[in-house]
Amino acid sequence: MLNPQLNDDSELKHLLSIEGLPKRILNQILDTAESFAGVAEREVKKVPLLRGKTVCNLFFENSTRTRTTFEIAAKRLSADVITLNVSTSSQSKGETILDTIDNLTAMHTDMFVVRHAQSGAAHMIAKHVAPHISVINAGDGSHAHPTQGLLDVFTIRKHKPEMHNLRVAIVGDVLHSRVARSEIHALTTLGVPEVRVIAPKTLLPQDVEKLGVHVYHDMNEGLKDVDVVMMLRLQNERMAGAMLPSAQEYFKIYGLTSEKLALAKPDAIVMHPGPMNRGVEIDSAVADGTQSVILPQVTYGIAVRMAVMSILAGN
Amino acid sequence: MKIHIKNGHLIDPKNGIDAKQDIYIAAGKIAAIGNAPEGFVANQTIDATNLVIIPGLVDLSARLREPGFEHKATLESEMLAAAAGGVTSLACPPDTDPVLDEPGLVEMLKHRAKQLNQAHVYPLGALTHQLAGKEITEMCELSEAGCVGFSQADVTIKDTQVLWRAMQYAATFGFTVWLRPEEPYLAKDGVAHDGEVAARLGLKGIPTAAETLAIASILRIAKETGAKVHLCRLSTSEGVEMVRSAKKAGQQVTCDVSANHLHLTDFDIGYFNANTHLKPPVRSQRDKTALSNGLADGTIDAICSDHTPVDDDAKLYPFAEAEAGATGLELLLPLTLKWAEENKLKLSDAVKHITQAPANILGVEAGDLSVNASADICVFDPNQYWKVEAKALLSQGKNTPFLGLELAGKVKYTLVNGHVVHG
Amino acid sequence: MNLPNAEILFETLAERIKPLIKANTAIVGIHSGGAWLAERLLPLLGHDLEHGILDVSFYRDDFNERGLHRETKPSQIPFDVQDKHILLIDDVFYTGRTIRAAMNELFDYGRPASITLAVLVNRGGRELPIAPQISTFDTALADTQNLQLLRHENGTFYFTLEENT
């Protein structure tokens, strides 16, 4: 099977998942993002790279945060941006996903940024678009959120450049998290020697160790001596599905408090993809504390997305 | 019509024939094997040089999509597909629209099928009304109308008491109950085998336990009620082991496996190929191997196609939303041949799983080439390869995980009741 | 063609730039050759001179044809460009497109008071109405020739000339 993310020259054609991306392409994106991070600090935050190109944000699943950062990224590249919030109900029996894509292609879209509630949606779209169009997966079901994974490792690289020596812990609902999967793939591809997942059994996928992670159910054990703590968001549905008894018990056992953070290395950094549930997965003291890099993550997210779009547009 | 098929290699597992033999047909029946009967003058001669002659295939599960789902496929198209696949007898599950829970519907289906004069159609009646798992159907009336067994298709009965009583009632009259073992709560919303691949792809998994728990329940209830049970579409190695133990202990149980599951594992999902979205899901390598071994040692009795045509758009959705199922009538033979070849099995051993064994399960006179049996015959070229693509398939369903593959085994002639329906 | 001695040209460049250093001057090298030159010029110009590096990858006019350059380095302009006299340094001036891109980028940082372009070599073949105010060596090369400034391990400069067929 040919890698659907790469073109005939083995260059990036679509960004659908971190799994399957060669390390050099990961590094190319991260290195390019460095340059864009600099652009964000200037008065004029734009560069003319994507002038005349049209980027379409196709969000079948709602998200203000991610959509906004993609919009900002595209606009900073001087691209024209169309945003379509297609609620799944209106699209389910009416226009199919592919019909929507065909219509937008006819409107000269050069790039699709797609978010969908189903795993595999971005792959399906990438398979069907015209050859000159690139697809960026902004999150498909529980499968992947590659730009999030990228901006997370970019953040880690910025604060802990010695990636070959790190212990990273990912805490929370790995089972339902596309962010966790992308983070795991990015970390293992870049050679981070120890990636831990910390969660109750109900929130871990079957055979998760096969993804290359060490499994912990005890957060006190799992956080010992880690350099990076990546918290995941807990959704309310988990209580409804009998996976967890309550947010309170979850916070008690798996929430990140200052006490628990103290078990990690003293200079460990704390990350969260957002939006945070304060008092559920993370304590405000930690979220707003000195070890938190949660706010910079957002800024880096724009730079990383600018890097991805530029590389795709140029290939 | 008197037909003489000459120079072919005849394989008839029931009668132990595996040799070059001519076959003579008269009045819709097999008149003789080997030497022509006295005074036989053929109206038609078929030269089967380099071809293999086997009993017409008996397919334990083929969805014909009528009544109710004519946009997916019609009786006409699917019967032509059956003929093209060498299938001369088939059982269809009751999940039509309306559900086959009324004798009138069954009669109409049988009538429609008979008019087309192609394969013999043996409907499976619904075990409960509307398959809803609450009230049992008029099994005696349905049996009289032509049902050869009672099934719940893909819908599991949640109320164990209802399942018990349904099986008890069926046992009273010796009807066979066909059930696909799947614990409904563990399998709810699941679309792939619960394992590494589902974890990577972010697809909701259906654990092995969903099948084994259900098998345990079904076997236990069957034992206590005395019901004859046929387990449909095994998919797990542990499930095979459970059936093996049950058979060893003398329990009357039969089971089948879909041809798809003999060749695919969850790795074949690849980049979310919706054509591999099947029920039950394709599972791990170990499971696939166990299914194969199960056939070889007789634990699993039959291979079926589980023919489930869907309309073109139905697969053009992200994996979980794509309609489950694969078209299969035209692939049953080549996939069985491929399986036999890969496992170095004799053709006759493989062929029995798609002829004699399924006929026994259906309890019908089919699946063999005995003298005076209905002349239901499949003549094929085991060495001719053909490419699995939309235009090569007669079924309206072009949804198969084997698209693009070249398979060996091309049906040249299919006869039902002694007349040629394909070729 | 006899390749000029890059080190000698560099000394000439330093001499010609020195008098241009005023109060509100900043020196900006274009990555990579110009940046190397600026780096070695800095101590010679004797002041606490404001300086920066420009990577023009995001402003090039050949993005659609060639895609994004393999290695982009972040531009670093740590001073306020507004009202500054910019000394823009590059190694080889050819078509003028790099300078066009550099100026567009600089203007996104602010409005300079002036820009003076100083290069080691003007190899002829300009395609835009842009020219260096200072050039230590002028020549005319063919399109098939590729003149590059390189740097030894010890930091000294030298030229190479490649013939592409």
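We name chains A, B, ... by the order of the sequence lines, and we start the count at 1 in each one.
More than 12 heavy atoms of other residues, nucleotides or ligands shown are found within 6.0 angstrom of NZ on B:K315. The local environment of CD in B:E389 is crowded, with over 12 non-hydrogen atoms from other residues, nucleotides or ligands closer than 6.0 Å.
In this structure, A:M124 and B:Y317 approach most closely via the heavy-atom pair SD-C, 3.1 Å. For A:H143 against B:R200, the heavy-atom pair with the smallest separation is CD2-O, 3.3 Å. The shortest heavy-atom contact between B:G202 and A:S142 is O-CB, 3.7 Å. Minimum heavy-atom separation, B:Y271 to A:N3: OH-CA, 3.9 Å.
For the options A:G141, A:A144, A:P4, heavy-atom pairs under 4.5 Å to chain B are most numerous at A:P4. In terms of non-hydrogen atom pairs under 4.5 Å with chain B, the most contact-rich of A:P205, A:A121, A:G120 is A:G120.
In this structure, the separation between NZ on B:K204 and NE2 on A:H176 is 7.5 Å, given to the nearest 0.5 Å. Atoms CZ and CG, from B:F272 and A:L16 in turn, are 9.5 Å apart once rounded to the nearest 0.5 Å. For the atom pair CG (B:D313) and CG (A:D99), the distance works out to 8.0 Å, reported to the nearest 0.5 Å.
If you measure heavy-atom distances from A:L98 to chain B, the contacts under 4.5 Å come from the side chain alone. Using a 4.5 Å cut-off between heavy atoms, A:H185 contacts chain B through its side chain alone, with no backbone atom that close.
No side-chain heavy atom of A:S119 sits less than 4.5 Å from a side-chain heavy atom of B:L201. Between B:P207 and A:Q206, the closest side-chain pair of non-hydrogen atoms is not below 4.5 Å.
Judged purely by atom type and a 3.5 angstrom limit, A:R181 uses its side chain to pair as donor or acceptor with the backbone of B:A199.
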